[in-house]
There are 2 protein chains.
Amino acid sequence: MKTRRDVFQAIADPTRRAILTLIALQSLTPNAIAEQFDSSRQAISKHIQILAECQLVSQQTIGREIYYQLNPAKMKEVSDWLAPFQKLWEDRYNRLDNVLSNLKNKENGKSEN
Amino acid sequence: MKTRRDVFQAIADPTRRAILTLIALQSLTPNAIAEQFDSSRQAISKHIQILAECQLVSQQTIGREIYYQLNPAKMKEVSDWLAPFQKLWEDRYNRLDNVLSNLKNKENGKSEN
DNA sequence: TATATATGCAATTATTTGGTTGCGCAAATA
DNA sequence: TATTTGCGCAACCAAATAATTGCATATATA
């Protein structure tokens, strides 16, 4: 819980993903979030802290309550990493097939694509 | 390294993400992949194994060599999870602003957007 | 002011993770 | 056939992680 702290590590945990979904449309306090899970408030609070550290959520204090909200811009980082792969599953022309046939014809002298 | 084995946990590691990028366009053997990193062949092989377990990569044996290739369909699972959030950062009308003002006007009697 | 509530922080523990080392096996090669 | 090469598997280890428990602090409320 010390060193690696990036968006990808943050969303690796299913509870944290659920939290993100939960607060996507409405800010919530730690207690309100914890109520939605079986885990203890402290456990949830730790997850929130991790999400906050990598800026996936931001907070707003109102009195003694702290409302946590999603930071969509940070979510976009995952999307951005994913973007280059996107055409691999979208293209009707799937490059993977070509890679495969290249491999199979390897000994014949490779014809890239 | 035993129980939880899903796509999100798999891409949490930067080395594994790099491997995915590396083999996105061309299948490679474990040795060829390991050459691109400082880590040992065995370390890389473990990463590959994790990627294979959650089906982010598939393999094809040719002689004694094993070519690993990206499975774009599995990558799409991440994209699918991300999709609902996407409009939050794409919309020029950002819902987050509304949540915030809702909070600020809370004591006035909430008007849920 | 005294008490209850909302929350963060620190210490502790069990589990998971990432990496190394050593070994075995099957396929290529001399 | 003997040797080299490419890989996977198992055991082991240090570091990171997730969760619990206990405590401190600030803000409401009686």
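The side chain of A:Gln49 lies closest to C:dC9, out of D:dC7, C:dC9, D:dA18. Closest to the A:Arg41 side chain, of the nucleotides D:dC7, C:dT7, C:dC9, is C:dT7. Which of C:dT7, D:dA19, C:dG19 sits closest to the side chain of B:Thr15 comes down to C:dG19. Checked against D:dC7, D:dT21, C:dT20, the side chain of A:Gln42 finds its nearest nucleotide in D:dT21. Of the listed nucleotides (D:dC7, D:dT21, C:dT20), D:dC7 has the atom at the smallest distance from the side chain of B:Pro30. Listed nucleotides C:dG8, D:dA18, C:dA4 differ in distance to A:Gln9; the shortest reach to its side chain belongs to D:dA18. Residue A:Thr29 has its side chain nearest to C:dT7 when only C:dG22, D:dA18, C:dT7 are considered. Comparing C:dT17, C:dG19, D:dA18 against the side chain of B:Arg5 picks out C:dT17 as the nearest.
Rounding to whole angstrom units, CZ of residue A:Phe37 and P of D:dA19 are separated by 11 Å. Taking atom CZ of residue A:Arg64 and atom P of nucleotide D:dT27, one finds them 10 Å apart after rounding to whole Å. In this structure, the CG atom of A:Leu28 is 14 Å from the P atom of C:dA6, given to the nearest Å. One can place NZ of B:Lys46 at 18 Å from P of D:dC7, the figure rounded to the nearest angstrom. Put simply, CD1 on B:Ile48 is 12 Å from P on D:dC9, counting in whole angstrom units. Remark: C1' of C:dG19 and CD1 of B:Ile44 are 10 Å apart, rounded to the nearest angstrom. Distance CZ (A:Arg17) to P (D:dA18): 12 Å, rounded to an integer number of Å. When the P atom of D:dA18 is taken as reference, atom CD1 of A:Ile11 falls 13 Å away, rounded to whole Å.
Neither OP1 nor OP2 of C:dT17 sits under 4.0 Å from any side-chain N or O of B:His47. Here A:Ser45 reaches the OP1 or OP2 of C:dG8: one of its side-chain N or O atoms lies under 4.0 Å away. Of the side-chain N and O atoms in A:Asn31, none sit less than 4.0 angstrom from OP1 or OP2 of C:dT5.
B:Tyr68 comes within 4.0 angstrom of sugar-phosphate atoms only, judged by non-hydrogen atoms across all strands, and of no base. Using a 4.0 Å heavy-atom criterion, one finds that A:Ser39 contacts no nucleic acid atom at all.
The environment of CG in A:Asp38 is sparse: at most 12 heavy-atom neighbours from other residues, nucleotides or ligands sit within 6.0 Å.
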Original post:
Does the side-chain hydrogen bond (donor to acceptor under 3.5 Å, both in side chains) test come out yes or no for B:Gln69 and B:Tyr67, once each step is laid out?
Top reply: CA-CA 7 Å; B:Gln69 59 204 235; B:Tyr67 286 82; over 6 Å; no

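We find the CH2-CD distance between B:Trp89 and A:Glu77 to be 10.5 Å, quoted to the nearest 0.5 Å. Annotation: the span from B:Ile50 atom CD1 to B:Asp6 atom CG amounts to 11.5 Å, rounded to 0.5 Å. Rounding to the nearest 0.5 Å gives a distance of 12.5 Å between CD1 of A:Ile33 and OG of A:Ser39.
Contact check on A:Lys87 versus A:Glu90 returns no salt bridge, with no Lys/Arg side-chain nitrogen under 4.0 Å from an Asp/Glu carboxylate oxygen.
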